[in-house]
Amino acid sequence: MEQKFKKSDLLDALEAIKVSGSFASFSNMAGVSCNPSIFVRGIGMIKTPLAEDQARQLIRQARQAPYGRRCDTIVDTSVRNTWELDATQFEFLNPHWTTTLKTCCKTVARGLGITSPVSAELYKMLVYEKGAMFKAHTDTEKIPGMFGTLVICLPSPHEGGDLVLKHRGEKKVFKTSEIQPSLACWYSDVLHEVLPVTSGYRWVLTYNLAVSPELPRPSAGLVRDENRVLRHTLRRWLEQRKRHGAGDQAEADHFYYLLDHEYTEASISLRGLKTTDLARLQCLRAISAELEFDVFLAVLEKEEMGETAYDYNDYRGRGGYGWYDEDEDEDGNKSWHELDEVLDRSASILKLVDLDGHTLRTDMPIDGAHICDSTLQNEDPFEDPSDQGERDYEPYMGNSGPSATHWYRTTVAVLVARDAVNTFLLGGSTLRSSEAQTLLQYYAKQCLEPKTRATGLQMIRRLAPLAWKPPQYYAQTPSQNRAIVLTILETILQLHEYALFGDVLAILRHLKDDDDACAGLFTLINAAAGIGSLQFERIDNSLLECLTSRPVGNWKQPMTVLCPVPGSDIEVWAATEVVKVCLQTCQKTGVGERDGVAAVFLIRQYQDWDYLKANLLPILNEKVAASGFMLGALQEMVKYAAEGVFNLAECLQTYKKLAKQIVNTLNIAEDKSVFSPVRLSPVRLADFFGDCIRFGWDDISAHLGLNIASQATRIPAPQLGGFWIPFIEHLLQTLKDADVPLSTPRYQDIACAIFEVFLDKFVGKEPTPNTSLRRPRVDCSCSDCVWLNEFLESSDQSVGNFPVAKARRRHLHNMLDGVHADVTHLTERHGSPYTLVVTKTFKENEIAKKKWSKRFDAAKQVFAKLGEVQLRALLGDEYDKITGMEHLRLRYRSRASLVSKQAQSEVSRTQPVLGSQQQQARVLAPLLMSQSGLQQNAGQPGSSMGLPGVGALGFGGAAGALPQVAGTKRKAQTQRVDLTEDSE
Ligand SMILES: O=C(O)CCC(=O)C(=O)O
Ligand SMILES: [Fe+2]
């Protein structure tokens, strides 16, 4: 009859594992007196480091080392190619060498985790010359009690010759070339090899390691007793769970095991564990590979909030010496306040990781009340708070007693029965999408193991919709997230779970904007198709949906990475389905240049010129207004025609015919959407001029130039910086490339027209300062506000006093702030009630001036970027006027007269005076009086320009509110209607 499982047995079994030993260990011997002073018969003393001539002498004395294969010992230099000397051929003259070796044995015992005394018996001296190596093998038992091998690497320069050791999937590499003298040791059941020496000589001594033959033989495998007991206990737990099912008697589905050491959230992983914790977790990990449970690591946190005893210090703190925000002891630590009564208690897993340290959950609530039951140590896992926890203390507040919150943290291993792992991982609270994403990665890994595959897939099905709910897609950074998406899809494809693949893609369809994810997906498909195991017909529809969820212009990248084998089902799909759907999509409205480019690209890739003529040309004929789409497609066509793929003559004929139509229907002002980089890029329009020059279509470019110049005044403000200024820049380049003089009237007209409207709508006139004391009303009809409005609207009162109680002062204050009134308001704290003093200011003048100056400077930058020489040629006679912008200034003629005018105004007080706004505001603000009620900021130009390179200047506002100037004659356009008073 099986013994009944007890939690305490599991604890005992774990605690019995004390030593952390590894299957192999290395150690630096520096500092140990270790020159053995080797004397070799037939040679004499060997000097260290080993020199070439002595190395050759050693080799002459040596023989080719054999190796053991089953019962034989054979020489085969393709397996082992080393020179060896028997222990009888040499001796150590250094009398301390025996002591050194004893020290080495202790190092070995510690490194391999052996508690009984270890002895080392000299076996061979080995010399590896260039090319020498020893292929992977395990060592045979050569003496009674032997459990492993010790190698002492003597000083001898060499490269290569790395010692590579592997055990149960773990691998260690020891570079004897880097550290000498040094030792390495391993258990006999560890597979190891010596990689070929690439230069010099590798020189080592080998020793047989043994324990007393009566003792159990230590080995790297889990034959140590402690591990057997642990495995046995765990098996009993799991079997008992199965037997009792889910009833009352049911065994716990998980246990927390308190680690000996504390670890931080950042350091928690198997690799970061110390000594015994490491030893125990390594055993658990090994056993969990055989038994049905999983091991995780976790940082637990408990929060307790409660009332504390009344603290005299707080009282004193408030009474006589002012208010202490924090109560700290002399060392600056927050002092400890015992909780008299705990009012609120909660526990959570702050962070749960797998043994590789991958985060699975964070901030996951757990049942604090039963935590003792789940802990193997059977105690509150949180240590004595008085020296561990973080704390926060709230002193006596008058209406409630003093309270404190304590947080306690501890680190544990979590053992979870495998049938309960999913419930455990998904437990606690609703999963955040980022958590669902991390869990997905975990389950993707599970899918790769046949045993856990079914659950893994099931969980992916369940978690995917949680992980990628539309708004949370970017819960993690896009690239991290994209990597997860692709890992999952790759796993699913590998497993041929096509239905699930479709489901996950359907969830991902909203990832319209993540083109890299889409391209990544198509790369995956391409790779899977390359392996030859893909059933493409089961995913083609999902892929098509993935394409159609984004603009045609974005199909080019994924379809480029796809590169299917000619004649394959993927190619047939691309040539029929993809191209067909692409053209259907192009018939819709709102297509732009990138769509035109992509459509032609796809036809070039999968169809031919005849197909294009039959299917794309009719669409182009219909789409004259979508000039971006047209130009994209036409220019792409000509590109391929030049490469010889399409019929060049027919292409050019089509281009010319359609180009005429584009120019005829071009309407700059109305077709807002065309002249935005999304629909048509400035460079493409410039290229169009280039094409006209190249192909000699002079009439077309003349017509287009005229069109632009005559319609320029109607260009909406945002398109200036977003399209037309960059266009000029590209046009300059195009003309230079085509050797066309910049002073050609056609281009001069275009440039002047655009710059004039740029100055007019973007920079605008320097704003006229407001001199009036009248301010806009606040929107409230209470008696206080009536009073306030009277003051605000008055043209001669600059300061208003409002002696009203606090609540009413606050109301006035809020109302003023609500309309951003150009006033200051301060409370004068004497008398009863206090008085709200409102003073009219002229800050808006300064603000408006600053904004204008920024735009002015931005325009200067634009001119500077284009270059003086080029601009002079392009703007001709207009150059000085346009780039100087003097006509936009308020007072550019005589700066000197400003001072006298200012003085004059101080005398007259009623006359509006124009000049430097800042100066005026500063000097005259409190004094000015005027009848003018006009708001000087109305119709401020320059807003929302989207000017490249000057965006940071922050042009904001409503350019749409600009008064538009009628008329078509360029020279007459520089005047704009201005609502502000202008003294000129
Ligand atoms: O040369 C070494 O480092 C290891 C030699 C070895 O594996 C052996 O002698 O069995
Ligand atoms: Fe070996």
Side-chain angles (χ1 to χ4, degrees), residues 22-29 34 36 38 50 55 58-59 62-90 101 104 107-108 111-112 120-143 146-167 171-210 218-221:
S22 180
F23 64 89
S25 168
F26 315 119
S27 178
N28 181 338
M29 285 172 70
C34 68
I38 299 175
L50 184 62
L58 282 176
I59 289 172
R63 59 179 167 138
Q64 193 73 49
Y67 72 96
R69 196 174 62 186
R70 281 178 233 116
C71 305
D72 303 335
T73 307
I74 57 169
V75 172
D76 178 347
T77 50
S78 70
V79 176
R80 185 177 195 192
N81 172 13
T82 316
W83 299 106
E84 72 173 24
L85 277 83
D86 285 335
T88 51
Q89 291 179 271
F90 61 96
L101 199 62
C104 290
T107 311
V108 167
L112 299 181
E121 183 180 282
L122 181 63
Y123 187 52
K124 305 277 174 180
M125 175 193 291
L126 304 176
V127 180
Y128 294 72
E129 57 188 331
K130 185 176 172 191
M133 48 77 203
F134 194 174
K135 289 263 165 73
H137 65 285
T138 50
D139 294 338
T140 47
E141 184 182 329
K142 289 158 198 122
I143 54 168
M146 174 169 167
F147 68 87
T149 302
L150 164 69
V151 164
I152 292 177
C153 184
L154 297 166
S156 172
H158 64 274
E159 280 168 39
D162 292 357
L163 192 49
V164 181
L165 304 110
K166 287 181 192 156
H167 184 68
K171 176 176 163 185
K172 295 191 173 199
V173 180
F174 177 39
K175 292 189 176 301
T176 53
S177 52
E178 282 174 7
I179 313 160
Q180 299 156 11
S182 53
L183 69 77
C185 56
W186 56 89
Y187 283 109
S188 305
D189 54 349
V190 169
L191 194 69
H192 58 283
E193 72 179 304
V194 179
L195 300 183
V197 169
T198 52
S199 75
Y201 295 89
R202 184 176 182 274
W203 185 32
V204 306
L205 298 170
T206 64
Y207 287 83
N208 296 322
L209 290 170
S219 85

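Counting starts at 1 for both ligands and their atoms, following the listed order.
Between the NZ atom of K135 and the CG atom of L195 there is a distance of 10.5 Å, given to the nearest 0.5 Å. Expressed to the nearest 0.5 Å, how far OH of Y123 lies from CG of L205 amounts to 14.0 Å. To the nearest 0.5 Å, atoms CG (L126) and CH2 (W83) are separated by 12.5 Å. Here the CE-OH distance, from M146 to Y207, works out to 14.0 Å after rounding to the nearest 0.5 Å. With values rounded to the nearest 0.5 angstrom, H158 atom NE2 is found 13.5 Å from E129 atom CD.
Using a non-hydrogen distance threshold of 4.0 Å, K124 does not register as a contact of ligand 1. For the ligand labelled ligand 1, residue T149 lies outside the 4.0 Å heavy-atom shell. Distances from ligand 1 to the non-hydrogen atoms of E84 include no value under 4.0 Å. For the ligand labelled ligand 1, residue Y67 lies outside the 4.0 Å heavy-atom shell.
The shortest N/O to N/O separation between H137 and ligand 1 falls below 3.5 Å. Taking any N or O of D139, backbone or side chain, at least one lies under 3.5 Å from an N or O belonging to ligand 1.
Of the protein's non-hydrogen atoms, R80 NH2, 3.4 Å is the one closest to atom 9 (O) of ligand 1. For atom 3 (O) of ligand 1, the closest non-hydrogen atom on the protein side is R202 NH2, 2.7 Å. The protein atom (non-hydrogen) at minimum distance from atom 8 (C) of ligand 1 is F134 CE1, 3.8 Å. Remark: minimum distance from atom 4 (C) of ligand 1 to any protein heavy atom is reached at V194 CG2, 3.7 Å. Of the protein's non-hydrogen atoms, the one nearest atom 1 (O) of ligand 1 is Y128 OH, 2.5 Å.
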Checklist line | Trace of the side chain to side chain contact (heavy atoms under 4.5 Å, CB included) decision for Q89 with R63 | finding: CA-CA 11 Å; Q89 291 179 271; R63 59 179 167 138; 5.8 Å; no
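Here the Fe ion (ligand 2) is the vertex; the OD1 atom in D139 and the NE2 atom in H192 give an angle of 90° (to 10°).
When atom types are taken as modelled, the side chain of Q180 and the backbone of S156 share a donor-acceptor pair closer than 3.5 angstrom.
The aromatic rings of W186 and H192 are tilted relative to each other, their planes meeting at an angle between 30° and 60°.
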